[in-house]
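What follows is a set of notes on a single structure, which appears directly below.
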Amino acid sequence: MNPLRGAARAASRSLRASGLVQHHDAASPIATRKHRLPLNGSIHQAPWRSIQTNPPRRGAQSAAVREEDDGSSGPRIQQDSSSNPAMSFPCLDAQDAKSASLSARSLNSGPEPSYNTGHHKLFHCDEPLLLDWGGILPEFDIAYETWGELNADKSNAILLHTGLSASSHARSTPENPKKGWWEKFIGPGAPLNTDKYFVICTNVIGGCYGSTGPSSIDPSDGKRYATRFPILTLEDMVRAQFRLLDSLGIRKLYASVGSSMGGMQSLAAGVLFPERIGKIVSISGCARSHPYSIAMRHTQRQVLMMDPKWARGFYYDSVPPHTGMKLAREIATVTYRSGPEWEKRFGRKRADPSKQPALCPDFLIETYLDHAGEKFCLEYDPNSLLYVSKAMDLFDLGHSHQVATRKRREENAKRIAKNGWKVQAGDPSCSLTLPDKPYEEQLSAAAPMNEPVADNGDSSSTSTGPPQDLVAGLAPLKNHPVLVLGVASDILFPAWQQREIADALRAAGNKQVEHAELGEDVSLFGHDTFLLDLENIGGRVGKFLG
Ligand SMILES: CC(=O)SCCNC(=O)CCNC(=O)[C@H](O)C(C)(C)COP(=O)(O)OP(=O)(O)OC[C@H]1O[C@@H](n2cnc3c(N)ncnc32)[C@H](O)[C@@H]1OP(=O)(O)O
Ligand SMILES: N[C@@H](CCO)C(=O)O
């Protein structure tokens, strides 16, 4: 891919498509209306009406302020006698127009888009699933797709785990010819070689592309789960996938392969079901989520939840929080690529340098992010984003976390044996309230980097080696061949996190760990390298799988 390809052309296409034409532009609807306005300030003609404003500051010029009544939610403010003309905000107009068109959709079919990437197979499991944090799915579906043939002894299956937002559609199929998200990585002679292997990819539970998630119907009352969906973990997703494998009669996988969240799941599958997995591939993942990654996902969740249209998750019969989703995806995109890539690709170029700078997207990097957000905002269920992203934050293969989870599961299993498969409404364990006492920084939290941390479950890493808690947690994988790949330009899952996996596995006694790091001379695509670099990611995966 040529990173410098037609960016400016694409930008102007995107700007035109979304109405993001620069302000102070006589061609824009607002400017046109403004030029038609009488200069004497007679402000009560339709479609303008006056609105109340704060009284002008003493000494400040009094301004007549008007609002255009065009049915959109935001006021368009015009100042008749100000020193400078008011700016226009085509990026906000575009959001308003989008909300208006979504709310105009038929309420019979529901304004909520149907999240669908096309034909897939469906596994329905009637047996309830107990989740790690005590939630319950009374039954669930898993959407999945397969490529290649399962051999007679069912020993050639590869389970491919997805990143956060992907569907099961990793490669085109005769039933769904649309290109998949790993189109070139799967197929005859490809890294996941379908001449040899039977590749299975599922949509995770919690997702929205056919597997049970927050937009699914709760069988208990026939209504969508929304935020009545329980908190789930990556291990819960893996347990659900293994129910599918059971139904297919696959006792042991040839390999568990995944990137990003899938790279975390790939390890989790090995830890949960060590005897059911042959090889493991973990690309651009981690063995436990670190604070910086949690921080970046937190900001995405916050902007989404602060969109009033999110409505605490109950938006399915209304306009979805597309603005929150768009902003969340823009933040996500900042974490998925890299500064050096954008330096080369966009530099400091503006979409139209002949115009005045704008507060709406203006630099090419801004229009690029805007486009990425816009493209995604109705493609994925907002609640799925929240739940799946939170599941990533909760991920920790450290031994002490595994012990605590097992204990909690045992207690919840006892509760179920006593009360049945239902979590009581108002269960205090379901709503976190922060302690009254403000957090006080603990001195022990910041151990000097060159001193080993005692094996007390403290998850801090040190320069002397991986934490013993993680070494113990990854011990179930000590006899598995494991390929760990990282990318130096990745800021979301920095390369040291893959080194941590490899080091912890080796410290656990694993002598079959292959670890490689793609330097910035090889890829500047950051975290998304796994989606884009067939040669360097795919090549290594193909060689490792054989
Ligand atoms: C395992 C998993 O996680 S799978 C999930 C994968 N899928 C996704 O992530 C869905 C979202 N897609 C993406 O993030 C990306 O398209 C990728 C990673 C799949 C591919 O990346 P790339 O091929 O490098 O595409 P890139 O991110 O540069 O985007 C190109 C788009 O931006 C547009 N664009 C490029 N520069 C600009 C600019 N300055 N201003 C506006 N638009 C721009 C292009 O015209 C193109 O638009 P189009 O997609 O509507 O045709
Ligand atoms: N672009 C990928 C990255 C995270 O894996 C996604 O949206 O899922």
Side-chain angles (χ1 to χ4, degrees), residues 1-18 20 91 115 117 160-171 178-186 192 201-204 207-209 234 257-266 282-286 293 296-297 300 325-326 328-338 341-342 344-352 360-380 384-385 388-389 391-392 487 490-493 523-534 537:
M1 193 190 80
N2 173 10
L4 294 170
R5 68 180 187 258
R9 214 174 50 232
S12 71
R13 181 158 47 86
S14 149
L15 285 167
R16 278 195 304 275
S18 61
L20 304 186
C91 53
Y115 302 107
T117 49
L160 174 61
H161 307 271
T162 71
L164 188 155
S165 68
S167 69
S168 57
H169 196 57
R171 180 186 156 83
K178 201 173 105 184
K179 278 191 181 151
W181 56 264
W182 239 22
E183 184 70 21
K184 293 188 178 147
F185 290 70
I186 304 168
L192 302 195
C201 182
T202 79
N203 180 219
V204 293
C208 59
Y209 295 123
L234 301 193
V257 176
S259 308
S260 184
M261 182 178 89
M264 300 150 90
Q265 279 180 281
S266 193
S282 177
I283 305 162
S284 300
C286 62
S293 315
M296 291 193 266
R297 286 188 289 268
Q300 295 166 43
M325 274 301 271
K326 174 174 174 169
R329 188 61 174 188
E330 291 194 38
I331 298 170
T333 305
V334 172
T335 74
Y336 290 159
R337 307 298 277 248
S338 84
E341 180 203 349
W342 291 338
K344 285 193 167 177
R345 191 168 171 184
F346 305 125
R348 292 186 38 76
K349 287 197 207 76
R350 293 176 56 216
D352 185 350
C360 278
D362 175 340
F363 283 98
L364 285 185
I365 181 56
E366 293 180 290
T367 61
Y368 171 74
L369 291 177
D370 185 87
H371 181 76
E374 195 56 43
K375 217 167 71 166
F376 188 70
C377 69
L378 296 176
E379 285 292 306
Y380 193 68
S384 284
L385 180 70
V388 177
S389 139
M392 290 174 80
V487 178
D490 186 342
I491 56 165
L492 183 57
F493 290 75
S523 173
L524 291 181
F525 292 131
H527 185 63
D528 268 351
T529 296
F530 75 89
L531 292 167
L532 297 164
D533 194 333
L534 178 63
I537 296 286

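Order of appearance sets the numbers: ligands from 1, and atoms from 1 within every ligand. Along the sequence shown, residues carry numbers from 1.
Contact between Glu379 and ligand 1 is absent, with no heavy atom of the residue lying under 4.0 Å from the ligand. Residue contact check for ligand 1: Glu366 places no non-hydrogen atom closer than 4.0 Å to it. Look at His527 and you'll find every heavy atom at least 4.0 Å from all atoms of ligand 1. In this structure, Ser259 does not count as a contact residue of ligand 1, since none of its heavy atoms falls inside 4.0 Å of the ligand. Heavy atoms of Phe376 come nearer than 4.0 angstrom to ligand 1 in no pair at all.
Taking OH of Tyr209 as the start and OG1 of Thr162 as the end, the distance is 10.5 Å to the nearest 0.5 Å. Atom NZ of Lys349 sits about 11.5 Å away from atom OG1 of Thr367, to the nearest 0.5 Å. To the nearest 0.5 Å, atom SG of residue Cys91 and atom CG of residue Asp370 are 7.0 Å apart.
Proximity of Leu531 to ligand 1, defined as any heavy-atom pair under 4.0 Å, is confined to the side chain (atoms from C-beta onward). No part of Trp182 comes within 4.0 Å of ligand 1, judged by heavy-atom distances. Contacts between Asp528 and ligand 1, counted as non-hydrogen atom pairs separated by less than 4.0 Å, involve the side chain only. Residue contacts with ligand 1, taken as heavy atom pairs separated by less than 4.0 Å, involve Phe530 solely via side-chain atoms from C-beta onward. Contacts between Leu532 and ligand 1 below 4.0 angstrom, taking non-hydrogen atoms only, involve the side chain exclusively.
Nearest approach of Ile537 to Phe530, heavy atoms of both residues: CG1-CA, 4.1 Å. The two atoms that bring Ala351 and Leu364 nearest to each other are CA-CD2, 3.9 Å, heavy atoms only. When every heavy atom of Trp181 is checked against every heavy atom of His161, the shortest pair comes out as CH2-O, 4.2 Å.
Taking a cut-off of under 4.0 Å to the non-hydrogen atoms of Lys375, the atoms of ligand 1 that pass are 16 (O), 48 (P), 49 (O), 50 (O). Using a 4.0 Å cut-off to heavy atoms of Gly163, the atoms of ligand 1 that qualify are 1 (C), 2 (C), 3 (O). The Ser165 neighbourhood of ligand 1 comprises atoms 5 (C), with distances under 4.0 Å to a heavy atom of that residue.
Using a distance-only test at 3.5 Å, with no hydrogens or angles considered, no donor-acceptor pair links the side chain of Arg337 to the main chain of Gly526. Distance alone, capped at 3.5 Å, places no donor-acceptor pair between the Thr333 side chain and the Ala372 backbone. Put simply, the side chain of Ser260 never gets that close to the backbone of Gly262: no donor and acceptor are under 3.5 Å apart. No side-chain donor-acceptor contact under 3.5 Å links Ser282 to the backbone of Gly285. A distance-only check finds a donor-acceptor pair linking the side chain of Ser384 to the backbone of Gly207 [under 3.5 Å]. Side-chain atoms of Ser293 come within 3.5 Å of backbone atoms of Leu492 as a donor-acceptor pair (strictly under, hydrogens ignored).
Looking at Arg345, Arg329, Glu341 and measuring to atom 14 (O) of ligand 1, the nearest heavy atom belongs to Arg329. Around atom 4 (S) of ligand 1, the closest heavy atom drawn from Ala166, Gly262, Gly180 belongs to Ala166.
Where the criterion is an N or O separation shorter than 3.5 Å, residue side chain and backbone included, His371 meets it with respect to ligand 1. Taking any N or O of Trp181, backbone or side chain, none lies under 3.5 Å from an N or O belonging to ligand 1. Remark: ligand 1 and Thr162 share no N or O pair separated by less than 3.5 Å (distance only, no angle test).
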Write none if no such pair exists; otherwise list each N/O atom of ligand 2 with its protein N/O partner under 3.5 Å and the distance.
residue, atom, partner, partner atom, Å
ligand 2, 1 (N), Asp528, OD1, 3.2
ligand 2, 5 (O), Ser260, OG, 2.9
ligand 2, 7 (O), Ser165, OG, 2.7
ligand 2, 7 (O), Arg329, NH1, 2.9
ligand 2, 7 (O), Arg329, NH2, 3.2
ligand 2, 8 (O), Leu164, N, 3.4
ligand 2, 8 (O), Ser165, N, 3.0
ligand 2, 8 (O), Ser165, OG, 3.0

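Under the 30°/60° scheme for interplanar angles, the aromatic rings of His527 and Phe493 are found to lie parallel.
Between Phe363 and Phe346, a ring centre-to-centre spacing not shorter than 6.0 Å is recorded.
Taking 4.0 Å as the cut-off between side-chain N and carboxylate O, Glu183 and Lys179 do not count as a salt-bridged pair.
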